[in-house]
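One is the number of the first residue; the rest follow in order along the sequence. Predicted, not measured: the structure shown is a model, and the values here were computed from it.
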Amino acid sequence: MDGKIALEEHWAIDEMLHIAGQPVGPAGAGNLLFDFRDRRLPSMDANGIELAIIGLNSPALQAILDPAEASDLARRANDILAAEIARNPDRFAGFAGLAMQDTKAAALELTRCITKLGFKGAMVNCFTQRHVPDSAIYYDLPEFRPFWATVAELDVPLYLHPRQTLLSRTMSYEGHPWLYSPVWDFGSETATQALRLIGSGLFDEFPSLQVVLGHLGERIPFDMWRIDNLMDKLAVRHSAKKPVSYYMRNNFHLTTSGQFHDAPFYCALAEMGASRIMFSVDYPYEDMAAAAAWFDNTALSNADRIRIGRTNAIELFKLDFD
């Protein structure tokens, strides 16, 4: 399929790799984060990807301990991305990188990125550190409500992207470092944070909010029925007014990033519907050719392939195509 739109596609500036350490992924992926024209565009052309919405790598800004430093770097990174997009506005669009260490600064920067730079939303990693290394600040906390109000007012999606759990909080992985990687930890950490957002009542307060999850929903679609079923039976309760599945189907969108296999795709499709899934790659951590070959050949109606590969993204991100 030609004309695909991909939207979990990453880039970086050098300072972020030094702050965060080497990126987690295949050897050589880090170097590709800096490239837009030499490797990225030809690969997009070869695999029928018309547009890529670009967001910062993980954990990037969310690993900077000083809020002022993070805010300054966010602004500079967003300006660099905007200049790169201006070179190829028909092929690239941008997600704002935000310093979530300072909620007021994050809201102001998001507003600038949407109203001045023309970005299509924001991509943030699923928790932030602040002041001390062993800190994990989650976005369901009350201090973030004014930030979410700004997101709702601007009417743009937020992509909740994975980052690894802090090493000090990974006792259950002891002796199994392979679990402390995108193999497992990325999905479990991000799913937990998405469920925290739901359980906090955020989407009751801001019902128009739209959040994007990669990797076909970080395994939540597989467990949605069980979550709802157990919430009806157990004494534990959350603050949300409706079942988790309601918010997933009304406030969340999923992408195919890094999940190029029929079984999890059809599970997500059955649970969420074709209007809530979008094509993505997760470049450069995943290969565009593998993503495109799978998506172009998996069993779908032509209407659903176009919807998932292109139309859903156009509608959600208000993309302007002639």
Side-chain angles (χ1 to χ4, degrees), residues 7-8 125-127 138-140 148 152 157-163 165 172-173 179 181-280 282 291 294-295 298-301 303-305 307-309 311-313 315-316:
L7 53 116
E8 190 185 320
N125 298 297
C126 62
F127 66 89
Y138 302 117
Y139 311 137
D140 61 291
W148 288 112
L158 183 139
Y159 203 121
L160 190 67
H161 187 270
R163 64 169 294 186
T165 307
S172 61
Y173 299 154
L179 291 172
S181 74
V183 168
W184 184 256
D185 183 66
F186 262 32
S188 59
E189 180 66 30
T190 313
T192 300
Q193 304 321 316
L195 293 173
R196 283 183 64 135
L197 292 178
I198 291 172
S200 73
L202 176 68
F203 301 104
D204 296 315
E205 187 172 351
F206 303 108
S208 67
L209 278 177
Q210 300 297 310
V211 175
V212 183
L213 292 174
H215 317 111
L216 291 174
E218 312 293 2
R219 310 182 193 108
I220 295 176
F222 184 86
D223 270 342
M224 281 202 312
W225 181 90
R226 177 170 168 78
I227 292 170
D228 288 349
N229 180 55
L230 289 176
M231 288 301 298
D232 285 339
K233 296 178 178 180
L234 301 181
V236 294
R237 291 289 180 265
H238 53 58
S239 298
K241 296 178 180 179
K242 298 175 181 176
V244 164
S245 60
Y246 174 87
Y247 301 101
M248 286 297 297
R249 292 172 180 140
N250 287 274
N251 298 100
F252 282 81
H253 302 258
L254 315 183
T255 76
T256 65
S257 61
Q259 278 276 28
F260 317 137
H261 186 60
D262 285 350
F265 174 69
Y266 295 143
C267 172
L269 185 63
E271 290 297 318
M272 297 288 288
S275 65
R276 289 274 159 178
I277 302 177
M278 297 175 286
F279 172 79
S280 288
D282 205 354
W294 165 76
F295 180 74
T298 194
L300 279 174
S301 69
D304 280 351
R305 198 179 315 276
R307 177 180 293 278
I308 294 168
T311 309
N312 287 340
E315 294 174 354
L316 180 63

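Scanning all heavy atoms of the two residues, the minimum distance from G214 to T255 falls at CA-OG1, 3.3 Å. Y159 and L7 get closest at one heavy-atom pair: CE1-O, 3.5 Å. Between F206 and A152 the shortest heavy-atom distance is CD2-CB, 4.1 Å. When all heavy atoms are compared, the tightest approach of L216 to A268 is CD2-CB, 4.1 Å. Across every non-hydrogen atom of G217 and L254, the tightest pair is CA-CD2, 3.5 Å. Smallest separation of non-hydrogen atoms from L195 and V244: CD2-CG1, 3.9 Å.
A donor-acceptor pair under 3.5 Å is absent between the side-chain atoms of R307 and the main chain of I277, judged by distance alone. In this structure a side-chain-to-backbone donor-acceptor pair under 3.5 Å is missing from D204 to A240. In this structure, the side chain of N229 does not engage the main chain of W225 through any donor-acceptor pair within 3.5 Å. In this structure, D185 contributes its side chain and T165 its backbone to a donor-acceptor pair below 3.5 Å. Without hydrogens or angle criteria, S280 side chain to T256 main chain gives no donor-acceptor distance under 3.5 Å. Side-chain N or O atoms of R196 include none that pairs as donor or acceptor with a backbone N or O of A191 at under 3.5 Å. For D262 (side chain) and T298 (main-chain N/O), no donor-acceptor pair under 3.5 Å exists by modelled atom type.
In this structure, the side chains of W148 and Y139 come closer than 4.5 Å at one or more pairs of heavy atoms. Side-chain contact check for E218 versus P162: some heavy-atom pair is nearer than 4.5 Å. Annotation: side chain of S188 is in contact with side chain of R219 (closest heavy-atom distance under 4.5 Å).
Ring geometry, F265 versus W294: the interplanar angle exceeds 60°, so the pair is classed perpendicular (tilted spans 30 to 60°).
Annotation: the span from M224 atom CE to Y247 atom OH amounts to 14.0 Å, rounded to 0.5 Å. With rounding to the nearest 0.5 angstrom, the NE2 atom of H215 is 4.0 Å from the CD atom of E8. The distance from the CD atom of Q193 to the CG atom of L160 is 7.5 Å, given to the nearest 0.5 Å. Distance CG/N251 to CD/Q210: 5.5 Å, rounded to 0.5 Å. To the nearest 0.5 Å, atom CZ of residue R276 and atom CG of residue L213 are 11.5 Å apart. Rounding to the nearest 0.5 Å places CG of D282 at 8.5 Å from CZ of F186.
Residue-environment remark: CZ (R226) stays at or below the threshold of 12 foreign heavy atoms within 6.0 Å. Surrounding OH of Y138 are more than 12 heavy atoms belonging to other residues, nucleotides or ligands, all under 6.0 Å away. Counted within 6.0 Å of OH on Y173, heavy atoms from surrounding residues, nucleotides or ligands total more than 12; the atom is thus considered enclosed.
With a 6.0 Å cutoff to the six-membered ring centre and a 45° limit on the axis angle, R163 counts as a cation-pi contact of F127.
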Carefully, step by step, assess I220 and F252 under the rule side chain to side chain contact (heavy atoms under 4.5 Å, CB included). CA-CA 11 Å; I220 295 176; F252 282 81; over 6 Å; no

Check the pair L316, H253 against side chain to side chain contact (heavy atoms under 4.5 Å, CB included), reporting the backbone distance first and the verdict last. CA-CA 9 Å; L316 180 63; H253 302 258; 3.5 Å; yes

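Among residues two or more places apart in sequence or in another chain, the salt bridge (Lys or Arg N to Asp or Glu O under 4.0 Å) test is passed with E315 by none. Residues forming a ring pair (Phe, Tyr, Trp, His ring centres under 6.0 Å) with W184 (at least two apart in sequence, or on another chain): none.
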